Amino acid sequence: MPKLPPSFYQQEDVVSLAKQLLGKSLFTYVDGKLAGGIITETEAYDGVADKACHAYGGRNTNRTATMFLNGGVTYVYLCYGIHHLLNVVSGTEGNPQAILIRAIEPTVGLEAMLERRKMEKLAPRITAGPGALAQALGIDRQLNAKDLSADEIWIEDAKNYEDEKIVATTRIGVAYAQEHALWPFRFYIKGNKYVSKPNS
DNA sequence: CGCCGGATGATCT
DNA sequence: GATCATCCGGCGC
């Protein structure tokens, strides 16, 4: 399938886009190994008005500057000193919106992913959770601010999921965002095993 | 099973 | 010096 065009990422509504990304295919080509899968879980971060967003209130620092770029590039950063987290920058230049990719369902490069995750056999935790997913795909900050039509990391078009097949719920680990932590900005494919924290 | 805490470092105050 | 958009292993039930 073709890579998604810039116009897809530059849509205004980051929440709608977070849902549209479900079912699309994410790939990396790192250390000579192709790996990837179907995006199963996402979270929207809605720019300067969103207390959970790194760029809340217009905070534009060395780290967050990537979020202010035109949509269609990656935003990768180190979390808790250990995990790299992959986001897709959306919207247009100056509007710091992004979508955290929280889980994928592996389709290619299983051997490479098992090795990177130091796992013997396949289990959902291989790519369920943003840190796990980045490790499985060999993503680190070298891939920050990369165009999503690059040779090292890209997303290909695929199916769209109807709203009935999507669960909308609150984001993970953003209690510090107070009332904004209650916004239903996390989305995942209903019934899919590759989801970090399914609701009961 | 579920809860708890340690690992670990860039980033910003 | 505090704060994290996390993960895993260990312990107790």
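Predicted model only: the values in this text are computed from it and were never measured. Any value given below was found using the heavy atoms of this structure, including those in side chains, with hydrogens, waters and symmetry copies removed. Below, chain A is the first sequence line, B the second, and so on; all start at residue 1.
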Point to revise | From Ile153(A) atom CD1 to Ile139(A) atom CD1, the distance as rounded to the nearest 0.5 Å | key: 4.0 Å
Check your understanding: Does anyone know the first and last nucleotide of DNA chain C in reach of chain A, 5' to 3', at under 4.0 angstrom to a heavy atom?
Key -> dC4(C) to dC8(C)
**Study point:** For dG9(C), the Watson-Crick or wobble partner whose two distances fall under 3.5 Å
**Key:** dC4(B)
Tabulated below should be each protein N or O lying under 3.5 Å from an N or O of nucleotides 1-8 of chain B; please produce it.
unit_1, atom_1, unit_2, atom_2, d
dT8(B), O2, Tyr80(A), O, 2.2

Review point. Would you call Lys190(A) and Glu164(A) a salt bridge, taking side-chain N to carboxylate O under 4.0 Å as the test?
Key: no
Point to revise | Base partner of dA2(C), which must satisfy Watson-Crick or wobble distances under 3.5 Å | key: dT11(B)
Point to revise | DNA chain C: 5'-proximal contact among Gly173(A) and Arg125(A) (nearest heavy atom) | key: Gly173(A)
Review point. Looking only at side chains, do Thr169(A) and Asn199(A) share a donor and an acceptor under 3.5 Å apart?
Key: yes
**Study point:** Residue-phosphate contact under 4.0 Å: Arg63(A) side-chain N/O, dG9(B) OP1/OP2
**Key:** no
Exercise for review: Decide whether Arg59(A) and Thr64(A) meet the rule of one side-chain donor and one side-chain acceptor closer than 3.5 Å.
Suggested key: no
Practice item. Would you mind classifying the nucleic acid contact of Ala52(A) as base, sugar-phosphate or nothing, using non-hydrogen atoms under 4.0 angstrom? Key: base
Check your understanding: Side chain of Glu41(A), backbone of Arg186(A): donor and acceptor closer than 3.5 Å?
Key -> no
**Study point:** For atom NE2 of His54(A) and atom P of dT13(B), their distance in whole Å
**Key:** 13 Å
Check your understanding: Base, sugar-phosphate alone, or nothing: which one does Arg117(A) contact when heavy atoms must sit under 4.0 Å apart?
Key -> sugar-phosphate
Check your understanding: Transitive ILVMFWY cluster of Trp154(A) at side-chain heavy atoms under 4.5 Å: who else is in it?
Key -> Phe27(A), Tyr29(A), Leu34(A), Val108(A)
Check your understanding: Side chains of Gln11(A) and Gln20(A): donor-acceptor distance under 3.5 Å anywhere?
Key -> yes
Exercise for review: Look at the aromatic rings of Trp183(A) and His180(A) and report parallel, tilted or perpendicular, splitting at 30° and 60°.
Suggested key: parallel
